[in-house]
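Numbers restart at 1 for each chain; the letters A, B, ... are given by sequence-line order, proteins then strands.
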Amino acid sequence: MPSSNDCDQPPAEALPVGIKVLVAGGFGVGKTTFVNTLSEIEPLSTEEMLTAVSAATDRLDGVENKATTTVALDFGRITLSPSHVLYLFGTPGQERFWFMWDELSEGALGAVVLADTRRLEHSFAAVDFFERRGIPFVVAVNEFDGAHRYHAEEVRTALDLRQEVPVALCDARVQSSGIRVLLELIQHLITTRSSHGSDTAPPVLRA
Amino acid sequence: MTPVLPDGPLTNETVGRLVRPYTVSDGRTRATSHFTLVTVVRATGAPTQGTFGLEHAQVLALCESPVSVAEVAARMQVPAAVVKVLLSDLAEGGAVVTGHAPPPSADHYALPDRDLLEAVRDALLKRL
């Protein structure tokens with residue numbers, strides 16, 4: 001981080017690194033529950049300015065339109081070690097804001113897309129968003145009554161997911177379940193990093 | 001500096017926020033250093049250079065231990081953009097130290113390095 005006082009400051013290496021993971025999915029799928037269950041701090045929310053750029057082709061005059069809006073982002077924290085702190089940011093639930101998410105996903109490690117099989121369509125926009133931008137994500141099927149109605153492969157088909165995208169079953173109210181979902185994401189990142197175009201579908205874990 | 005800090009945000013039941021959020025940063029919303037929501041900051045406790053006000057003091061009080069920009073903004077109930085400007089002032093004045101943040105991203109996603117991923121994985125495994 002450039003600073004005119006670099007030589008006077010204690011080494012920045014002494015500070016933990018902040019890691020951002022997005023928790024996405026449409027309204028009502030359980031993002032808030034997922035974040036709050038995992039968070040070691042009380043639910044917090046911050047306002048961030050996001051700039052939405054509508055493509056020039058959307059407009060008759062061929063000029064890009066930029067609109068800056070303030071969005072409230074719920075987030076939680078997990079201190080992993082003295083070196084790493086994980087922050088989970090819930091994406092804005094309103095689907096109409098999805099095109100703003102470019103800035104939101106800057107610097108994010110990856111994302112968890114929550115899906116509720118009673119309303120799978122609520123997760124389409126999030127899946128589409130991350131796929132388009134090449135941001136690694138896992139899908140976590142959050143079921144509320146303990147009885148998973150659909151096999152994970154049916155969810156994969158319904159969401160039209162690529163084979164390499166992990167699908168995990170989870171209960172957002174259970175902390176260990178959320179941790180397992182995050183582990184799925186990290187393992188997916190490690191696998192993606194070390195392999196090129198692996199065609200084997202990852203195993204589905206009950207988280 | 002030892003200002004008296006309010007217990008909560010400056011608000012009034014009827015009017016809402018008494019101080020419009022962007023006035024605390026003199027209308028500035030562009031920080032001179034690059035801060036993200038997850039940039040970790042900490043007060044140095046060193047004597048400061050520069051003119052700081054109540055809002056800067058609030059930021060310092062909130063980052064005596066390492067904390068993220070998002071947390072400071074959430075607890076002050078001011079927009080993150082404002083906190084970034086305040087932190088930028090404080091960093092230039094030697095009052096806070098900031099963690100490394102990735103440079104403003106290019107258009108594409110870049111996979112983090114393996115050491116980071118394995119460290120995160122190991123830490124998460126311990127929490128199961």
Side-chain angles (χ1 to χ4, degrees), chain A residues 1-5 8-20 38 41 43-49 68 70 73 75 77-87 89 102-110 130 133-136 175-176 179-180 182-183 186-187 189-190 192-194, chain B residues 21 29 32-42 44 46 49 66-83 88 91-94 96-105 107-114 116-128:
Chain A
M1 180 113 17
S3 165
S4 56
N5 287 357
D8 296 326
Q9 292 184 347
E13 290 82 354
L15 291 175
V17 169
I19 296 167
K20 179 164 81 177
L38 287 170
I41 57 176
L44 289 178
S45 177
T46 185
E47 293 170 42
E48 178 71 307
M49 288 192 316
T68 299
T70 301
L73 302 172
F75 68 96
R77 184 184 83 198
I78 306 174
T79 300
L80 297 175
S81 72
S83 311
H84 299 103
V85 184
L86 180 63
Y87 290 94
F89 281 86
D102 274 347
E103 284 172 296
L104 188 59
S105 58
E106 270 178 19
L109 200 75
F130 294 117
R133 284 158 184 77
I135 295 168
Q175 195 173 71
S176 61
I179 298 283
R180 283 182 218 278
L182 293 178
L183 277 164
I186 300 301
Q187 189 55 51
L189 290 165
I190 292 172
T192 302
R193 194 165 226 300
S194 61
Chain B
T29 55
T32 54
S33 303
H34 181 68
F35 291 92
T36 70
L37 287 178
V38 298
T39 300
V40 176
V41 299
R42 193 194 69 215
T44 60
Q49 306 152 37
V67 79
S68 65
V69 168
E71 285 171 276
V72 173
R75 297 192 192 284
M76 284 179 68
Q77 295 191 30
V78 297
V82 170
V83 167
S88 194
E92 285 182 15
V96 301
V97 62
T98 63
H100 295 303
S105 67
D107 289 335
H108 59 276
Y109 170 88
L111 271 168
D113 67 59
R114 193 175 177 110
L116 176 87
L117 295 174
E118 290 182 351
V120 172
R121 180 185 61 189
D122 294 344
L124 286 170
L125 282 168
K126 287 193 182 123
R127 300 182 75 96
L128 274 181

- Minimum heavy-atom separation for A:T46 to B:A74, with atom names? OG1-N, 4.2 Å
- Within a strict 4.5 Å, meaning less than it, do heavy atoms of the B:E71 and A:L44 side chains meet? yes
- Message: Would you say that B:Y109 contacts A:S105 through its side chain, given a criterion of any heavy-atom pair below 4.5 Å between the two side chains?
- Response: no
- Of A:S83, A:P136, A:A108, A:G110, the largest count of non-hydrogen pairs under 4.5 angstrom with chain B goes to A:P136
- Task: Would you indicate whether the side-chain heavy atoms of B:L37 and A:L73 approach each other to under 4.5 Å?
- Result: yes
Considering only distance and modelled atom types, tabulate donor-acceptor pairs under 3.5 Å from the side chains of residues 119-128 of chain B, sequence neighbours left out.
| unit_1 | atom_1 | unit_2 | atom_2 | d |
| --- | --- | --- | --- | --- |
| B:R121 | NH1 | A:Q187 | OE1 | 3.3 |
| B:R127 | NH1 | A:T79 | O | 2.9 |

- Query: Quick one: OG1 on B:T39 to NZ on A:K20, what's the gap to the nearest 0.5 Å?
  - Reply: 9.5 Å
- Do B:R75 and A:I41 touch side chain to side chain, with heavy atoms closer than 4.5 Å? yes
- Taking the side chain as every heavy atom from C-beta outward, state whether B:L117 and A:R193 have any atom pair closer than 4.5 Å. yes
- Item | Closest non-hydrogen atom pair between A:S194 and B:R114, with its separation | CB-NH1, 3.5 Å
- Item | Contacts of A:Y87 that satisfy ring-ring contact (aromatic ring centres under 6.0 Å, His included) - sequence neighbours left out | none
- Of A:I78, A:I135, A:L109, A:L182, the largest count of non-hydrogen pairs under 4.5 angstrom with chain B goes to A:L109
- Assert top hit (heavy-atom pairs under 4.5 Å, partner chain A, pool B:A46, B:S68, B:P66) equals B:S68
